[in-house]
Amino acid sequence: MIQLPSLDNHTALIVVDAQQGFDQVEWWGPRNNVDCDQNIAALVNEWHRLSRPVVFVQHNSSNPLSPLHPSNPGHALKSYMSGTPDLLVQKTVNSSFHGTPDLDSWLRENAISTIVICGITTNHCCETTARIGGNLGYTVYFVVDATHTFDRTDLEGGMISAAELSRVTAINLHDEFATVVLSHELLNR
C-alpha cells in the first residue's frame, strides 16, 4: 500500500508547464494520456478548494520558433489553470527548481516539505523537477496520469512511444526520487 501525503499546508501542488503550446501536434508529434489535462484540472481545483499551496511553472523557451517562446500564443497557460497560484515560477530549463523566483527558497520559507508534481512533459520537465526535489530532501509524489509526453526518436532512428517513455519515467522515479501515484488516489481519499 502506497503511503499518500496528507493534504495539509505542508503539501504543495506543482503544475509544470501546462501551456497551450503543447497542443500543437505538428510541432511535438503524437502524445499519450488523453486524460492528462482533465486530471491536472481536477488536482488544481482540489488544491484550491482545500486552500492548499499551488505553484504554477511556465517554460520560457529561448527558441523564437517554439510554441513555448514568450512571444508566441502557445506560451500562455492552459485555460484550466484557474485561480491565482501561490507562486508562479518562470524558467528556461527543465527543472522547476532552476527558475525565478526560486522554488526551493519559497517552499522552505513556507515550511512545505511535501510536493505533488504534475504537468507536461512526463520525461522532461516533470521528471527533472521530481529528481531535483527528491535530491533536495522533499517528499515527492509524481502523479503520472496527470502528465503526458510525446513519441521520441531513439539513437538508432527507431521510435519510442510516449506511453513507453511514461512507463520508464515512472519506473525510474518510483522509490528512488518519488512515489508514483495516480490522480484518483489523491482525489478520492
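Note that the numbering runs from 1 along the sequence shown for the chain.
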Handout entry: Atom pair OG1/CG of Thr114 and Leu107 - distance to nearest 0.5 Å
Key = 10.5 Å
Exercise for the section: Calculate, to the nearest 0.5 Å, the distance between atoms CZ and CD1 belonging to Arg31 and Ile120 respectively. Expected result: 6.5 Å
Problem - Asp104 and Tyr138: side chain donor to acceptor below 3.5 Å - result: yes
Handout entry: Flag for Thr129-Ser96: side-chain donor and acceptor within less than 3.5 Å
Key = yes
Handout entry: Under 3.5 Å: donor-acceptor pair, side chain of His48, backbone of Ser82
Key = yes
Problem - Thr11 backbone acceptor or donor facing Trp47 side chain under 3.5 Å - result: yes
Exercise for the section: Mark yes or no for whether Asn60, through its side chain, and Thr92, through its backbone, hold a donor-acceptor pair below 3.5 Å. Expected result: no
Problem - Under 3.5 Å: donor-acceptor pair, side chain of His10, backbone of Ala111 - result: yes
Fill in the blank from the handout: Smallest heavy-atom separation, Val44 atom then Met81 atom, equals CG2-SD, 4.5 Å
Fill in the blank from the handout: The reported gap from NE2 in His148 to CG in Asp35 (rounded to nearest 0.5 angstrom) is 11.5 Å
Exercise for the section: Give a yes or no on whether the backbone of Ile112 and the side-chain of Asn110 come within a donor-acceptor separation of less than 3.5 Å. Expected result: no
Handout entry: Backbone N/O of Glu156 and side chain of Asp154: donor-acceptor pair under 3.5 Å
Key = yes
Practice task
Taking Asn39 for its side chain and Asp145 for its backbone only, find out whether a donor-acceptor pair lies under 3.5 Å.
Solution key: yes
Handout entry: N/O donor-acceptor pair under 3.5 Å between His59 side chain and Asp17 backbone
Key = no
Exercise for the section: Would you please say whether a donor-acceptor pair under 3.5 Å links the side chains of Asp102 and Ser105? Expected result: yes
Practice task
Using atom types as modelled and distance alone, determine if a side-chain donor or acceptor of Gln19 lies under 3.5 Å from a backbone N or O of Leu77.
Solution key: no
Problem - Sidechain-backbone polar pair: Ser166 side chain, Ala162 backbone, donor-acceptor under 3.5 Å - result: no
